[in-house]
**Q** 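Structure in structure tokens, see below.
We use all heavy atoms of the structure for the numbers below, so side chains are in, but hydrogens, waters and symmetry mates are not. Index from 1, following the sequence.
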Amino acid sequence: MPRIVVDVMLKPEILDPQGKAIAGALPRLGFTDFSGVRQGKRFELTVDGEVTETTLAKAREAAETLLSNPVIEDVVNVEVLDD
């Protein structure tokens with residue numbers, strides 16, 4: 001069955017304490033190539049049948065109204081997952 005992936009990230013102006021904690025831990029674990037981290041959310045929506053433009057539009061609408069908090073988050077990606 002096809003899946004649609006929705007990625008949601010905090011808006012750039014919103015503080016990301018989990019991202020900061022991860023960024024602080026990376027060098028202690030030997031990962032020194034990274035200067036920052038932002039944490040987000042990923043949703044996978046399973047579709048019965050074919051994914052159409054209408055299906056993608058409905059997924060984006062669900063992402064913007066239910067899967068994200070539009071005050072502090074942006075929907076950054078809605079796409080069909082290729083298996």
Side-chain angles (χ1 to χ4, degrees):
M1 286 193 242
R3 289 180 288 166
I4 297 173
V5 174
V6 176
D7 295 314
V8 176
M9 295 293 295
L10 287 171
K11 292 184 178 198
E13 63 272 15
I14 302 297
L15 180 64
D16 181 2
Q18 285 183 294
K20 284 197 172 289
I22 294 165
L26 286 172
R28 292 192 301 271
L29 297 172
F31 300 102
T32 58
D33 297 334
F34 311 106
S35 60
V37 176
R38 298 285 290 174
Q39 181 176 324
K41 300 185 286 190
R42 173 185 167 124
F43 300 91
E44 292 185 6
L45 307 172
T46 304
V47 178
D48 292 329
E50 182 182 348
V51 177
T52 64
E53 289 301 319
T54 302
T55 309
L56 281 173
K58 287 181 180 179
R60 178 164 284 284
E61 182 180 358
E64 292 172 351
T65 59
L66 177 66
L67 304 178
S68 68
N69 177 347
V71 175
I72 62 170
E73 296 174 318
D74 290 323
V75 176
V76 297
N77 185 42
V78 177
E79 67 180 354
V80 179
L81 182 64
D82 292 327
D83 286 331

**Q** How many angstroms lie between atom CD1 of Ile14 and atom CD of Glu73, to the nearest 0.5 angstrom?
**A** 9.5 Å
**Q** Please lay out, stage by stage, how Leu67 and Val75 fare under the test side chain to side chain contact (heavy atoms under 4.5 Å, CB included).
**A** CA-CA 9 Å; Leu67 304 178; Val75 176; over 6 Å; no
**Q** Write down the atom of Gly49, the atom of Pro2, and the distance for their closest heavy-atom approach.
**A** O-CG, 3.2 Å
**Q** Compare every heavy atom of Ser68 with every heavy atom of Ala63, then report the nearest pair and how far apart it is.
**A** O-OG, 2.7 Å
**Q** Does Val47 belong to the same Ile/Leu/Val/Met/Phe/Trp/Tyr cluster as Val5, with side-chain heavy atoms less than 4.5 Å apart forming each link?
**A** no
**Q** If I compare all heavy atoms of Pro12 with all of Asp74, which pair ends up nearest, and what's the gap?
**A**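 Shortest heavy-atom separation between Pro12 and Asp74 comes out as CD-OD2, 4.1 Å.
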**Q** With a 4.5 Å heavy-atom cut-off, do Ile72 and Lys11 have their side chains touching?
**A**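 No, their side chains stay 4.5 Å or more apart.
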**Q** In terms of hydrophobic clustering (I, L, V, M, F, W, Y; side-chain heavy atoms under 4.5 Å; direct or indirect links), are Val51 and Val78 co-clustered?
**A** yes
**Q** Please answer: with hydrophobic residues joined when any side-chain heavy atoms are less than 4.5 Å apart, are Leu81 and Phe43 in the same cluster?
**A** no
**Q** Could you list who else is in Val76's hydrophobic cluster, with ILVMFWY side chains joined at under 4.5 Å, directly or through other members?
**A** Met9
**Q** Roughly how far, to the nearest 0.5 Å, is the CG atom of Asn77 from the CD1 atom of Ile4?
**A**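 Reported value, rounded in 0.5 Å steps: 11.0 Å.
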**Q** Just grab all the side chain to side chain donor-acceptor pair (under 3.5 Å) pairs involving residues 19-37, residues at least two apart or on different chains.
**A** none
**Q** Partners of Glu64 by salt bridge (Lys or Arg N to Asp or Glu O under 4.0 Å), sequence neighbours excluded?
**A**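 Partners of Glu64 under the salt bridge (Lys or Arg N to Asp or Glu O under 4.0 Å) test: Arg60.
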**Q** Out of curiosity, Arg38 CZ to Ile22 CD1, how far, rounded to the nearest 0.5 Å?
**A** 11.5 Å
**Q** Counting heavy atoms not belonging to Lys41, are there more than 12 under 6.0 Å from its NZ?
**A**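 More than 12 within 6.0 Å, yes.
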**Q** With side chains defined as the heavy atoms from C-beta onward, is the minimum distance between Asp48 and Met1 less than 4.5 Å?
**A**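 Heavy-atom side-chain distance check passes, below 4.5 Å.
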**Q** Can you establish whether the number of heavy atoms outside Glu44 located under 6.0 Å from its atom CD is more than 12?
**A** yes
**Q** Roughly how far apart are Leu10 CG and Gln18 CD, rounded to 0.5 Å?
**A**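 Between atom CG of Leu10 and atom CD of Gln18 there are 9.0 Å.
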